[in-house]
Amino acid sequence: MLNKIKKFLLKVSAFFYPVTCSCCGNLMSAVSKERVCINCKNGFDEIKGFVCQKCGLPLEDGGEHCYVCRNTPKKFYFDKMRAAYLYKNSIRKLILKFKYSDRMFLAADLAHGMVNTLKHNAFFDDTDIIIPVPLNIVRKIKRGYNQAALLAEEISKSVSKPVSEKILFRKKITKPQFKLSKKERFDNIKNSFVVKNGDLVKKKNILLVDDIATTSATASACAKVLKEAGASKVCVIALARD
Ligand SMILES: [Zn+2]
Ligand SMILES: [Zn+2]
């Protein structure tokens, strides 16, 4: 009986405040807890098939490593990196809303794909601590939240591992990466992170959470300082890569 009343009330409220898909704007079921419709979800470009064993770059023709990881195996400081989606089409649209339009509530829907990716790769199983890639303080104040931290919180609920935002910090204000060339991105981001409370990461396996990986430069710079502080392993999960 109570359930029936609840459903009825939800329908009434949906009449006045319709629930629409955050991606395409189509009306959704009044009782749905999700914010993205099934059509949009099915259209997300999940990364499946062959990927570089180290950095996770999709490899159309198979093989073990991408060109970069094969030729410069020490270029990236992280041990492994994987991303849930390709940064294009409907998932790109949704991520932009998540990052720039105050749609913090999308974190749960977006983290879902990341959790799936974690479950499909055994090297993530022995994670001790989850650490989000930090924003610099100016950008955090402007935006009001760190989207990687929201994703990390959602992942933590699913995998039952703790999140810490007391370890990894930005030490200088860097130019936004998207304004720079690939070479400039590496230089811009290098040495811009610092570890505090280093004892917390000693001999620990870290899961680093990033939102969009373009060159993997940010993730690598974070992994570098975490390794220098004594972390045993740093694996990275990104929401999407382009
Ligand atoms: Zn939709
Ligand atoms: Zn690679």
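Numbering starts at 1 and runs along the sequence shown. Please read these numbers as outputs of a predicted model, since none were measured by experiment. All values below come from the heavy atoms of this structure, side chains included, with hydrogens, waters and symmetry mates left out.
- Residues I47 and L86 are in side-chain contact: their nearest non-hydrogen atoms beyond the backbone lie under 4.5 Å apart.
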Q.
With side chain to side chain contact (heavy atoms under 4.5 Å, CB included) as the criterion, how do Y87 and D211 come out once you've worked through the C-alpha distance, each side chain's angles and the decisive distance to 0.1 Å?
A. CA-CA 10 Å; Y87 187 51; D211 59 350; over 6 Å; no

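- Two residues are said to be in side-chain contact when any heavy atoms from C-beta on lie closer than 4.5 Å; C52 and H65 meet this criterion.
- Minimum interatomic distance between F105 and S22 (heavy atoms only, all atoms of both residues): CE1-OG, 3.5 Å.
- In terms of heavy-atom proximity, A223 sits nearest to Y77 at CB-C, 3.7 Å.
- Between I206 and the choices I129, V236, I130, I167, the side-chain contact (heavy atoms from CB on, under 4.5 Å) rule is met once, by I129.
- Of the N and O atoms on the side chains of N205 and T127, not one donor lies less than 3.5 Å from an acceptor on the other residue.
- Criterion: ILVMFWY side-chain heavy atoms under 4.5 Å apart, direct or through other members. Under it, L200 and V194 are not part of a common hydrophobic cluster.
- A donor-acceptor pair under 3.5 Å is absent between the side-chain atoms of D128 and the main chain of K204, judged by distance alone.
- In terms of heavy-atom proximity, S156 sits nearest to V163 at CB-CG2, 3.3 Å.
- The structure places OG1 of T215 at 11.5 Å from CG of L57, a figure rounded to the nearest 0.5 Å.
- Salt-bridge annotation for K41 and D109: present, with a side-chain N of the basic residue lying under 4.0 Å from a carboxylate O of the acidic one.
- Hydrophobic clustering of Ile, Leu, Val, Met, Phe, Trp and Tyr side chains at less than 4.5 Å, counting indirect connections, unites F123 with V159.
- Looking at N146, its side chain does come within 3.5 Å of a backbone N or O of V133 through a donor-acceptor pair.
- Inspection of the D45 and N89 side chains reveals an N or O donor paired with an N or O acceptor under 3.5 Å.
- Taking CZ from R92 and CG from D242, the interatomic distance works out to 8.5 Å, rounded to the nearest 0.5 Å.
- Residue K97 qualifies as enclosed at atom NZ: its count of foreign heavy atoms under 6.0 Å is above 12.
- Considering only heavy atoms from C-beta on, V195 comes within 4.5 Å of L168 through its side chain.
- Between F44 and Y85, the ring planes are perpendicular. Angles over 60° get that label, and only those under 30° would be called parallel.
- Linking ILVMFWY side-chain heavy atoms closer than 4.5 Å, directly or via other members, places F78 and L208 in a single hydrophobic cluster.
- Nearest heavy atom pair, residue L239 against residue M114, reads N-CE, 3.5 Å.
- Between L110 and L151 there is a side-chain heavy-atom pair separated by less than 4.5 Å.
- A heavy-atom distance below 4.5 Å is not found between the side chains of N121 and I237.
- In this structure, A152 and P132 approach most closely via the heavy-atom pair CB-CB, 4.1 Å.
- Under the 4.5 Å side-chain heavy-atom criterion for grouping Ile, Leu, Val, Met, Phe, Trp and Tyr, L207 is not connected to V51 through any hydrophobic cluster.
- A heavy-atom distance below 4.5 Å is found between the side chains of F193 and R170.
- The environment of OH in Y145 is crowded: more than 12 heavy-atom neighbours from other residues, nucleotides or ligands sit within 6.0 Å.
- For G56 against R241, the heavy-atom pair with the smallest separation is C-NH1, 3.6 Å.
- Distance alone, capped at 3.5 Å, is enough to place a donor-acceptor pair between the S164 side chain and the K166 backbone.
- Following chains of ILVMFWY side-chain contacts shorter than 4.5 Å, one can reach F98 starting from L96, so the two form part of one hydrophobic cluster.
- Tested against D79, the residues K54, K233, K227 include a single salt bridge (charged side-chain N to carboxylate O under 4.0 Å, His left out) partner, K227.
- When side chains are defined from C-beta on, N191 counts as touching K224, because their heavy atoms get closer than 4.5 Å.
- Annotation: side chain of M81 is not in contact with side chain of V234 (no heavy-atom distance under 4.5 Å).
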